[in-house]
Amino acid sequence: MTTLRLSQTGNRIELSGGNRSIAYAIAGVDLPELTDMSFAVWHMLPLAMKSGTDLHVDGPVDPLTCENAERMSRTWELWRPQDFKAVKVTALPGGPRRTGRKEELVMFSGGVDSTYMLLERGRRPEPVAALTVQGMEYGHGADAQFQRSLRHSQPLLDALNYRRITVTSDLRRSIKGYHTYASVIAGYAFLFGDLFEAGLFAADLSWEQDLLLFPWSLNHVTNRYFVSGDFSCRAVNDDVTRAQKVEAIAESPVALASVSFCIDKSIRPQNCGKCRKCVRTKAMFTGLTGGVPEGVFLDASPPHITHADMLGDERAFIFDLYQRVRDRGRLDAVPGLQEAVDGFLARGRWQRRWDRLLKRRSR
């Protein structure tokens, strides 16, 4: 069993347990003394599931958090028993939350999903908190780059009436893997449970796409578990695909000027225009809006889709784009798209024939 302990000095927190120590530094708001340590459960659960080690929090945690964390571990064991184990999660009894909490905060990275989330919600009548984390898209030590990203996306927050909160943490040095992303996001939201009643984060995929990449961490099954008795972290826009989000962003000059999605860490928050995410997003802009928007990419040349873009998780995005462009009669607008889909379907047919042959030979 791993016992987790917390030390807090104002806006600085240290979470320790299992020969690990994780630091958090908050800016943009005064963090009160925490009355609930649910965030620690969500942040350490991925590691516990991987090692099969039970968790005990030496501090107050809402009982529903412990129950849902155990449910999360059982679910991942069900899906991937070779990789994960169900674990027990216990803690000291929790007490009442502080009164006067704000309704919600939003998780904002500046990427396509979170940018669309803010656009879809529209300008807020009263200021709303937007939480940006250093230690996810931008590394714990990438201070100058993280500050550039904040400046890059600030005009969008100003236009839609959001105030920025930041957390800097070295959590990702310890917690890694495809199964961790949702728990990491939820943990950061739960960290602010004494100030807000709920956290909102942008869904990565639609439900239909979830089934294609299953089980990706941000899925509509386990997203339901991020609920306690007095706080919830909820996914929004899980009925909208990435292509639809890109098309909506194209209608907003301020969003176009601030959105960042490039894989190349050396140039973020700019977008190179050459990496697979940039090429995919270029293709979405071109197929659905008629061209590559000015100022979004360093290399604004037209996109070209290849068979490699149909491999792995890219297929969920590219095939959705193919369907939407095909329905509009605009397949010629995205060079290589039809050929990439045809090649994927041909490989599938050959694979099925090969499987049938192997099945006959094994009789």
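Everything quoted here is computed from the prediction, not taken from an experiment. Only this structure's heavy atoms are used, side chains among them; waters, hydrogens and symmetry mates stay out.
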Original post:
About how many Å separate CG of Leu200 and CE of Met117, when rounded to the nearest 0.5 Å?
Top reply: 6.5 Å
Subject >> Test ring-ring contact (aromatic ring centres under 6.0 Å, His included) applied to Phe192 - qualifying residues, sequence neighbours left out >> reply: none
Subject >> Residues Met44, Leu4; criterion side chain to side chain contact (heavy atoms under 4.5 Å, CB included); working and verdict >> reply: CA-CA 9 Å; Met44 296 305 294; Leu4 304 177; 3.6 Å; yes
Subject >> Distance in Å, Lys85 NZ paired with Lys50 NZ, rounded so as to fall on 0.5 Å steps >> reply: 11.0 Å
Subject >> Heavy-atom donor-acceptor pair, Arg268 side chain to Cys262 backbone, under 3.5 Å >> reply: yes
Original post:
Hey, what do you get for OG (Ser228) to CH2 (Trp42), rounding to the nearest 0.5 Å?
Top reply: 9.5 Å
Subject >> Interatomic distance, Thr65 atom OG1 to Leu45 atom CG [nearest 0.5 angstrom] >> reply: 11.0 Å
**OP:** Taking the side chain as every heavy atom from C-beta outward, state whether Val240 and Tyr116 have any pair of such atoms under 4.5 Å apart.
**Re:** yes
Original post:
Val279, Val325: one ILVMFWY side-chain cluster at the under-4.5 Å cut-off?
Top reply: yes
**OP:** Looking only at non-hydrogen atoms, find the nearest pair between Ser114 and Ala202 and report the distance.
**Re:** N-CB, 3.8 Å
Original post:
Within the distance-only criterion (no hydrogens, no angle test), does the side chain of Ser169 pair as donor or acceptor with the backbone N or O of Gly135 below 3.5 angstrom?
Top reply: no
**OP:** Determine whether the side chains of Asp62 and Ser38 contain a donor N or O and an acceptor N or O closer than 3.5 Å.
**Re:** no
Original post:
Can you tell me if Asp309 uses its side chain to pair, donor with acceptor, with the backbone of Glu314 under 3.5 Å?
Top reply: no
Subject >> Gln244 side, atom CD; Asp239 side, atom CG - distance, nearest 0.5 Å >> reply: 8.0 Å
Subject >> Atom CG of Asp30: over 12 foreign heavy atoms under 6.0 Å >> reply: no
Original post:
For the side chain of Arg123 and the backbone of Ala159, is there at least one donor-acceptor N/O pair under 3.5 Å apart?
Top reply: yes
Original post:
When rounded to the nearest 0.5 angstrom, what distance separates OG in Ser217 from NE2 in His179?
Top reply: 8.0 Å
**OP:** Would you indicate whether the side-chain heavy atoms of Arg242 and Asp320 approach each other to under 4.5 Å?
**Re:** no
Original post:
Can you check whether Tyr24 reaches Leu31 side chain to side chain, under 4.5 Å on heavy atoms?
Top reply: no
**OP:** Could you list all the ring pair (Phe, Tyr, Trp, His ring centres under 6.0 Å) pairs where at least one residue sits in residues 294-317, not counting sequence neighbours?
**Re:** Phe261-Phe297
**OP:** Indicate yes or no: does Arg97 engage Asp36 in a salt bridge with an N to O separation below 4.0 Å.
**Re:** yes
**OP:** Find out if a path of hydrophobic residues (ILVMFWY) with successive side-chain heavy-atom gaps under 4.5 Å connects Ile185 to Phe146.
**Re:** no
Original post:
Would you find a donor on one side and an acceptor on the other, under 3.5 Å apart, between the side chain of Arg324 and the backbone of Leu321?
Top reply: no
Original post:
Out of curiosity, does Leu55 fall in the hydrophobic cluster containing Leu64 (side-chain heavy atoms, cut-off under 4.5 Å, transitive links)?
Top reply: no
Original post:
Quick check: does any side chain N or O of Asp170 sit under 3.5 Å from a backbone N or O of Ala23, one acting as donor and the other as acceptor?
Top reply: yes
**OP:** Taking Arg71 for its side chain and Tyr225 for its backbone only, find out whether a donor-acceptor pair lies under 3.5 Å.
**Re:** no
Subject >> ring pair (Phe, Tyr, Trp, His ring centres under 6.0 Å) evaluation trace for Phe214 with Trp79 >> reply: CA-CA 9 Å; Phe214 181 84; Trp79 292 340; 4.5 Å; yes
Subject >> Trace of the side chain to side chain contact (heavy atoms under 4.5 Å, CB included) decision for Asp230 with Arg101 >> reply: CA-CA 11 Å; Asp230 54 17; Arg101 293 184 296 166; 3.9 Å; yes
Subject >> Distance-only donor-acceptor check, side chains Asp238 and His220, under 3.5 Å >> reply: no
Original post:
So does Asp113 pair up with Lys245, basic N to acidic O under 4.0 Å?
Top reply: yes
Original post:
When hydrophobic residues are tied together by side-chain contacts of less than 4.5 Å, even through go-betweens, does Val221 share a cluster with Phe226?
Top reply: yes
Name every donor-acceptor pair, under 3.5 Å, that has one atom in a side chain of residues 284-296 and the other anywhere in the protein, sequence neighbours excluded.
{"unit_1": "Thr286", "atom_1": "OG1", "unit_2": "Lys282", "atom_2": "O", "d": "2.9"}
{"unit_1": "Thr289", "atom_1": "OG1", "unit_2": "Phe285", "atom_2": "O", "d": "2.4"}
{"unit_1": "Thr289", "atom_1": "OG1", "unit_2": "Gly291", "atom_2": "O", "d": "3.3"}

**OP:** Check step by step if side-chain hydrogen bond (donor to acceptor under 3.5 Å, both in side chains) holds for Thr3 and Asp58.
**Re:** CA-CA 7 Å; Thr3 298; Asp58 188 21; over 6 Å; no
**OP:** Verify the cluster assignment for Leu205 and Ile263: are they in a single hydrophobic cluster under the rule of side-chain heavy atoms below 4.5 Å apart?
**Re:** no
**OP:** Output, in order, the C-alpha distance, side-chain angles, deciding distance and verdict of side-chain hydrogen bond (donor to acceptor under 3.5 Å, both in side chains) for Trp216 and Asp313.
**Re:** CA-CA 9 Å; Trp216 167 236; Asp313 60 359; over 6 Å; no
Subject >> For Glu104, all residues meeting salt bridge (Lys or Arg N to Asp or Glu O under 4.0 Å), sequence neighbours excluded >> reply: Arg121
Original post:
Should the heavy atoms of other residues, nucleotides or ligands under 6.0 Å from CZ of Arg326 be counted, would the total exceed 12?
Top reply: yes
Original post:
So do the side chains of Val41 and Phe190 get within less than 4.5 Å of each other, counting heavy atoms only?
Top reply: no
**OP:** Not counting sequence neighbours, list each pair that qualifies as a side-chain hydrogen bond (donor to acceptor under 3.5 Å, both in side chains) and has a residue in residues 134-149.
**Re:** Gln134-Asp143, Gln134-Thr168, Glu137-Tyr181, His140-Arg173
**OP:** Indicate yes or no: at least one non-hydrogen side-chain atom of Arg234 is less than 4.5 angstrom from one of Asn223.
**Re:** no
Original post:
What residues form a ring-ring contact (aromatic ring centres under 6.0 Å, His included) with Tyr188, not counting sequence neighbours?
Top reply: His43
